[in-house]
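One structure below.
Order of the sequence lines fixes the chain letters, A, B, ..., with proteins taken first and strands second; residue numbering starts at 1 for each chain. The analysis underlying the following values was restricted to heavy atoms, covering all of them including side chains, and did not include hydrogens, waters or symmetry mates.
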Protein chains: 2
Amino acid sequence: MITKTAPRVELTRDAIVGRALAIADVEGSDAVTIRRLAQEFDVTPMALYWHVKNKDELLAAMGDRFYEELPELDQSGSWSDRLRAVMEALVGSLGNHPGSAHLAAHRVLANEAGQQLTETTLGMLRSAGFSATQASDIARSALQSAVMLVTQMAGAEVAVAADERDAVLRAKRAAITALPVERFPNLVACADALTGCDDEAAYYAFGVDLFIAGVERLNASTKRQNRKT
Amino acid sequence: MITKTAPRVELTRDAIVGRALAIADVEGSDAVTIRRLAQEFDVTPMALYWHVKNKDELLAAMGDRFYEELPELDQSGSWSDRLRAVMEALVGSLGNHPGSAHLAAHRVLANEAGQQLTETTLGMLRSAGFSATQASDIARSALQSAVMLVTQMAGAEVAVAADERDAVLRAKRAAITALPVERFPNLVACADALTGCDDEAAYYAFGVDLFIAGVERLNASTKRQNRKT
DNA sequence: ACCTGAACACCGTTCAAGT
DNA sequence: ACCTGAACACCGTTCAAGT
């Protein structure tokens, strides 16, 4: 049944990680298994263990990819401009593989490029007047918000296989519109917006704006407090 | 070895879900398996299938718990006060089971109590002047931010078993402090803040503040725009 | 209504062995 | 250096059968 006229790509660590990301994109990250990967490479499951210590290391390597493929940062302008650039870079990179984006979070501090990114982010936040604790919380929040934006986008349904997403979404919307309008007027009114996204760019822009706005506002009120004391 | 002088609690759907949440809390959500639960209830794995359709339904039921156990909402004050109350209720409920909190996200619109919460949240946002799309995005963001706050708290390490968390955290911190200070001054300075949280209440307050501040600021600038046109 | 027994198709992983 | 074979201890789940 599974006629693999596979292009016979060489079995390397990078190739494995790439395949794993591809599988996660179309079938969700639960679909990436050692045995499945082996099959796609036309090789014994144990062959993978030469290139990757175990499955955890594979998932880690998948998470690392996002930092290694980060677009270049535009680091001009105010600190909040630069923070926005960080967010946009993250969203850009994570958006390439929504099904695996959540794997990035655990790797920021383990990965070289992730450490660099964190360093510069902490730098801009502390120079803006935030304390070490505040800067750390905000930096963590920035990364997590970026992950959230790409994985939770309305209609992304990252956990379900690509060819079932439509059906799942239709069912979801139907369930909402079937609700009694008297009790759930807002839910019914927002049914479309809650189950689909018809302007990705606007969605991402709004999400990033929301985050940056919060940081700017906190910074302003922190400064005001400091002036008082 | 596993001498189960089990209190022999009755096998019911609620009991199963409760046990599952407890397991996830101390060993991470990967540790909850049908067979493991059966063992703890001193019963055959197949016995569980009478009370729960399959594992997905079990995970869904775990997610539902958070909405069913939501504390009462203080719905007085301005729209942003009420939005803050929603966030605090979510953080409160999710904080009871950090290891399973991520399961809540997929269930908001499927769960009765989740629908209610979404309805009132959308209501307060739209009455504040946000569009249906904006309100939907913000509501989704609010839930996801709450999940993030409890699962990503520095030192929570929700995926690793409780008795290994200390070792993992020590290793993490050691890795950071071992970094060259010239290249990573901020990372080193924030090592403690990045790997541990010494004031949970302050951490949650800051996280909620950050979110609310963002929404308030966006609302202000949206209003200004509307006035112009 | 509620649970068991046996069986199936999957997992990740180890270890010794091949080339 | 890179891969295979055989084996082990786990999964979720079905289906027929018991009480």
Side-chain angles (χ1 to χ4, degrees), chain A residues 1-2 4 6-24 26-63 99-100 102-103 106 159-161 164 168, chain B residues 1-2 4 6-24 26-63 99-100 102-103 106 159-161 164 168:
Chain A
M1 197 60 221
I2 308 164
K4 274 264 159 285
R8 264 297 189 181
V9 26
E10 202 193 352
L11 189 64
T12 66
R13 194 184 155 99
D14 275 358
I16 294 170
V17 172
R19 260 269 184 243
L21 290 167
I23 293 176
V26 343
E27 299 184 43
S29 61
D30 280 354
V32 1
T33 69
I34 298 284
R35 296 179 113 105
R36 160 76 177 272
L37 281 165
Q39 189 182 311
E40 300 213 355
F41 278 101
D42 231 331
V43 104
T44 270
M46 294 68 82
L48 299 208
Y49 284 88
W50 181 261
H51 303 276
V52 124
K53 198 184 154 210
N54 53 32
K55 190 169 178 184
D56 277 352
E57 203 192 83
L58 171 61
L59 297 174
M62 292 168 70
S100 314
H102 66 281
L103 297 172
H106 308 87
V160 19
E164 299 170 25
V168 170
Chain B
M1 195 63 220
I2 307 164
K4 275 263 157 285
R8 266 296 189 181
V9 26
E10 202 193 353
L11 190 65
T12 66
R13 194 185 155 98
D14 275 356
I16 294 170
V17 173
R19 261 268 184 246
L21 290 167
I23 293 176
V26 343
E27 299 183 43
S29 62
D30 280 353
V32 0
T33 68
I34 298 283
R35 296 179 112 105
R36 160 76 176 274
L37 282 165
Q39 189 181 312
E40 299 212 358
F41 278 103
D42 231 331
V43 103
T44 269
M46 294 67 81
L48 299 210
Y49 284 88
W50 181 259
H51 303 276
V52 124
K53 196 184 155 211
N54 53 31
K55 191 170 177 184
D56 276 352
E57 202 192 85
L58 171 61
L59 296 174
M62 292 168 70
S100 314
H102 66 283
L103 298 172
H106 307 85
V160 20
E164 300 169 23
V168 171

Decide yes or no for A:Val32 and A:Leu21: does some side-chain heavy atom of the first lie under 4.5 Å from some side-chain heavy atom of the second?
-> no
Roughly how many Å is it from CD1 in B:Ile34 to P in D:dC10, rounded to a whole number?
-> 17 Å
Can you tell if the side chain of A:Ile23 reaches within under 4.5 Å of the side chain of A:Leu37, non-hydrogen atoms only?
-> yes
Give a yes or no answer on whether the side chain of A:Thr12 reaches the backbone of A:Ala15 with a donor-acceptor pair at less than 3.5 Å.
-> yes
Could you please name the partner base of C:dT19, counting Watson-Crick and G-U wobble pairs only when both distances are under 3.5 Å?
-> D:dA1
Nearest-Å distance for atom pair CG/P, residues B:Leu48 and D:dT13 = 11 Å
Whole-Å distance between C:dC2 C1' and B:Tyr49 OH?
-> 16 Å
Which whole-number value in Å describes the distance from B:Ile16 CD1 to C:dC2 C1'?
-> 12 Å
Judged by nearest nucleotide, the residue sitting upstream toward the 5' end of DNA chain C, B:Arg35 or B:Leu11, is B:Leu11
B:Ala47 has its side chain closest, among C:dC3, C:dC15, D:dT13, to C:dC3
To the nearest Å, how far apart are B:Phe41 CZ and C:dC2 P?
-> 15 Å
Separation of B:Glu10 atom CD from C:dC3 atom P, in whole Å?
-> 8 Å
May I have the distance from B:Arg13 (atom CZ) to C:dC2 (atom C1'), rounded to whole angstrom?
-> 16 Å
Can you tell me the distance, in whole Å, between the CG atom of A:Asn54 and the C1' atom of D:dC10?
-> 16 Å
Within a strict 4.5 Å, meaning less than it, do heavy atoms of the B:Glu40 and B:Arg36 side chains meet?
-> yes
Do any side-chain nitrogens or oxygens of A:His51 fall under 4.0 Å of OP1 or OP2 in D:dC3?
-> yes
Indicate yes or no: at least one non-hydrogen side-chain atom of A:His102 is less than 4.5 angstrom from one of A:Ser29.
-> yes
Return the nearest nucleotide to the side chain of A:Trp50; candidates are D:dC2, C:dT13, C:dT4.
-> D:dC2
Against the side chain of A:Pro45, the closest entry in C:dT13, C:dT4, D:dT13 is C:dT13
Please give the nucleotide sitting opposite C:dT13 as a Watson-Crick or G-U wobble pair, both distances under 3.5 Å, or none.
-> D:dA7
Nucleotide of C:dT4, D:dC3, C:dG12 approaching A:Thr33 most closely (side-chain heavy atoms) | C:dG12
